[in-house]
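Lettering follows sequence order; numbering is per chain, from 1.
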There are 2 protein chains.
Amino acid sequence: MAITIKDIANAAQISAVTVSRILSNKEGHYSAATAAKVRKIAKNLGYRKNFAAAELVTRKNRVIAVIVSAVKTNFAEKILEGIANSAIKYGYNIVLLYVKPNNPQSQRHALQTILGRLIYGVLLVSLELTDENFQLLKTTKIPYLFISIAVKDGAAFIGSDDFQIGYQATNFLIAQGHTKIGIAGMSNSSYIGQQRVAGYRHAMKKQQLLIKDRWIQFGDFTYQAGIQAMKNYGAATELTAIIGTSDLVTIGILNTAAELNLSVPQQLSLLSIDGTQLTQIVRPQLSSITQDFYQMGYQGLRALVHQAEKKLKSHYMPFQIIERQSTSQLKSKR
Amino acid sequence: MAITIKDIANAAQISAVTVSRILSNKEGHYSAATAAKVRKIAKNLGYRKNFAAAELVTRKNRVIAVIVSAVKTNFAEKILEGIANSAIKYGYNIVLLYVKPNNPQSQRHALQTILGRLIYGVLLVSLELTDENFQLLKTTKIPYLFISIAVKDGAAFIGSDDFQIGYQATNFLIAQGHTKIGIAGMSNSSYIGQQRVAGYRHAMKKQQLLIKDRWIQFGDFTYQAGIQAMKNYGAATELTAIIGTSDLVTIGILNTAAELNLSVPQQLSLLSIDGTQLTQIVRPQLSSITQDFYQMGYQGLRALVHQAEKKLKSHYMPFQIIERQSTSQLKSKR
DNA sequence: TTGAAAGCGCTAACAA
DNA sequence: TTGTTAGCGCTTTCAA
């Protein structure tokens with residue numbers, strides 16, 4: 001039989017109510033002396049709070065639903081690790097739900113699973129909800145926060161400033177002398193993709209560089225999208241640099257470029273967005289815009305549980321540019 | 001205010017107890033007719049069971065702790081996805097804990113976090129506990145199950161038959177004409193590593209092939225371990241085939257072989273163990289022993305919750321050999 | 001600052 | 001097959 005607050009109350013010769021108040025940190029209802037005594041006894045007895053009992057009466061639980069897109073983005077795990085550690089720290093449990101990418105039904109199913117349980121909040125990791133499912137989420141009144149991928153209409157999220165990512169990636173390549181720069185692999189319908197392209201356009205325009213439509217190759221952030229993009233560019237492309245909008249996209253471009261006998265970075269510079277371990281296990285290693293996914297997860301959960309009462313606001317995480325082997329100064333025009 | 005069994009009882013003109021029994025599928029205590037009626041009403045009213053209340057009285061909760069090694073094995077995510085879906089299916093929540101690889105303190109911390117909560121069971125994913133920490137786990141009396149990595153002394157686990165993996169990997173290469181075969185990257189202290197090497201030795205011995213000590217290069221399953229192993233073999237190695245004991249190890253070998261001007265598979269065949277997506281994004285694509293990590297996770301949770309009463313027994317998952325581009329028939333002796 | 005009483009929603013034990 | 005009673009461990013009134 002586990003230790004209860006009654007046991008502590010007996011040992012301390014006070015009522016269970018006071019013990020409860022002390023152990024739940026309800027201030028202003030007890031003296032420091034009794035508090036100290038109670039805490040000491042609790043510790044000695046090895047008391048563990050029965051959360052089920054507490055939840056039953058408070059009608060609040062400490063479960064966060066985490067919905068992850070099962071897409072091959074390969075950075076979700078880092079985010080998850082951050083969320084997990086943060087959850088431990090703040091005393092929350094997790095319901096993990098994986099949804100199939102680009103599958104509204106799967107999304108809907110996940111959301112309904114959540115509705116079926118009393119949960120404290122929802123974290124949506126690299127997930128693009130359909131409008132319909134987003135409405136469903138909003139009607140639940142459960143606090144939610146998007147991580148890494150934002151939705152258009154001002155829903156709170158933690159992620160990177162994707163406009164800045166696109167802008168700075170482009171500027172980095174321009175600074176290396178490139179003028180014919182492509183961007184590839186991002187989803188046309190995603191906010192994140194639109195922002196990156198907007199940043200790219202802005203940088204090009206600012207330097208009065210023209211952009212050809214075909215330089216912008218949309219996709220779905222996957223390895224396949226990278227392959228397709230490079231095939232579309234073709235072996236005779238005039239581009240001297242390409243921004244791959246995910247590590248897998250960039251690797252797809254890299255491998256396809258090799259098939260087309262384009263050498264990286266001599267003939268073609270590649271700059272990848274994400275900066276996961278993948279950038280370092282391919283040859284050449286990929287220069288990248290590196291995001292701190294762990295922190296996104298960690299801060300995401302923290303924000304959700306700390307601000308659930310107030311309105312959640314969006315928050316950008318810093319990123320950095322790391323130069324590896326896939327980019328180089330443009331020597332001469334091809 | 002949420003719907004409770006009382007509301008249903010009122011609507012159905014019966015007692016709450018009967019409703020409880022029906023909705024909890026306690027058989028043999030009610031007629032099919034009332035059951036049907038109750039279920040229908042429950043559905044119409046949108047009834048959701050209050051798990052906190054149920055847990056309070058049954059003293060059983062539905063939380064599974066999942067402890068994952070944060071090591072760069074890159075297959076943990078698939079296992080996790082399986083666990084997550086399985087948990088949804090069987091109605092369990094998850095506490096996710098990441099521990100640092102090869103860090104007994106981190107392990108201990110995770111275990112103690114678990115002890116602090118009433119949980120139903122523990123799943124340990126690709127984690128090698130120290131003896132001391134394993135003792136700690138055993139003393140808790142909480143059911144546990146290892147996934148993907150086994151411990152020596154007969155603790156229950158779900159994973160692959162690593163002896164068979166080593167054995168069949170070696171036989172595959174022998175069948176291609178190789179006689180000088182190395183194995184690299186596995187941890188010397190891990191059961192999994194020992195088993196794979198044992199399988200390798202057995203296969204070689206059966207074909208009366210000699211093994212040189214230096215053909216067996218231990219490591220820690222990481223990318224770095226692969227690099228180091230290939231450096232140790234050297235450019236002038238007599239080996240014509242190497243088994244990399246994880247995808248990352250094999251990629252490390254691959255990249256280092258390239259640096260040493262050894263071409264794969266013409267001069268050196270590589271066979272990888274794991275078969276994650278990584279095998280397909282490097283060039284050449286890696287032939288592999290492919291394990292079904294998703295199923296390991298899915299079945300693992302299932303086994304834990306279904307057999308918690310009885311003694312859990314170990315269970316092997318099937319694996320398959322998939323030939324890609326990194327292995328080839330041995331043409332001539334080098 | 002402390003406590004008594006009541007009840008959260010559910011299920012186990014017993015009774016009918 | 002169904003119901004009555006009691007209580008899980010905690011927190012929230014309300015009263016002292």
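Judged as a side-chain hydrogen bond (donor to acceptor under 3.5 Å, both in side chains), and not counting sequence neighbours, A:S20 has no contacts. Not counting sequence neighbours, B:Q105 has no partner by the side-chain hydrogen bond (donor to acceptor under 3.5 Å, both in side chains) test. A:K138 meets the side chain to side chain contact (heavy atoms under 4.5 Å, CB included) test with A:F134, A:Q135, A:Y144, A:D153; sequence neighbours excluded. Evaluation of the side-chain hydrogen bond (donor to acceptor under 3.5 Å, both in side chains) rule for A:Y47 yields no partner, not counting sequence neighbours. Evaluation of the side-chain hydrogen bond (donor to acceptor under 3.5 Å, both in side chains) rule for A:N133 yields A:Q107, A:T130 as partners, not counting sequence neighbours. Checked against ring-ring contact (aromatic ring centres under 6.0 Å, His included), B:Y98 has no partners two or more places apart in sequence or in another chain.
Rounded to an integer number of Å, the gap from CG of A:N10 to P of C:dG3 is 12 Å. When rounded to the nearest whole Å, the span between CD of B:E55 and P of C:dC8 equals 19 Å. As rounded to whole Å, 23 Å separates atom P of D:dC8 from atom CZ of B:F51. When rounded to the nearest whole Å, the span between CD of A:Q13 and P of C:dT2 equals 14 Å. A straight line from CG of B:L56 to P of D:dC8 spans 9 Å, rounded to a whole angstrom.
The side chain of B:T4 places no N or O atom within less than 4.0 Å of a non-bridging phosphate oxygen (OP1 or OP2) of C:dG9. When the side-chain nitrogen and oxygen atoms of A:K6 are compared with OP1 and OP2 of D:dC10, none of them lie within a distance under 4.0 Å. Put simply, B:T18 has a side-chain N or O that comes within less than 4.0 Å of OP1 or OP2 on D:dG3.
Taking only side-chain atoms of A:K49, from C-beta outward, the nucleotide of D:dC10, D:dG3, C:dC10 with the closest atom is D:dC10.
Using cut-offs of 30° and 60° on the angle between ring planes, the pair A:H306 and A:Y90 is perpendicular.
Listed by residue number, B:R21, B:G28, B:H29, B:Y30, B:S31, B:T34 are the residues of residues 20-37 of chain B with a heavy-atom contact under 4.0 Å to DNA chain D.
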Give every donor-acceptor pair under 3.5 Å between a side-chain atom in residues 155-162 of chain B and any protein atom, sequence neighbours left out.
from, atom 1, to, atom 2, distance (Å)
B:S160, OG, B:Q291, OE1, 2.4
B:D161, OD1, B:F163, N, 3.2
B:D161, OD1, B:Q164, N, 3.2
B:D162, OD1, B:R196, NE, 2.8
B:D162, OD1, B:R196, NH2, 3.0

message: Run A:L304 and A:V122 through side-chain contact (heavy atoms from CB on, under 4.5 Å) and show every step you take.
response: CA-CA 8 Å; A:L304 186 67; A:V122 187; 5.8 Å; no
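Over its full length, the helix from C:dT1-D:dA16 to C:dA16-D:dT1 turns its helical axis through 30°, comparing axes from the five pairs at each end and rounding to 10°.
Nearer the 5' end of DNA chain D, as judged by each residue's closest nucleotide, is the contact made by B:A16, out of A:V57 and B:A16.
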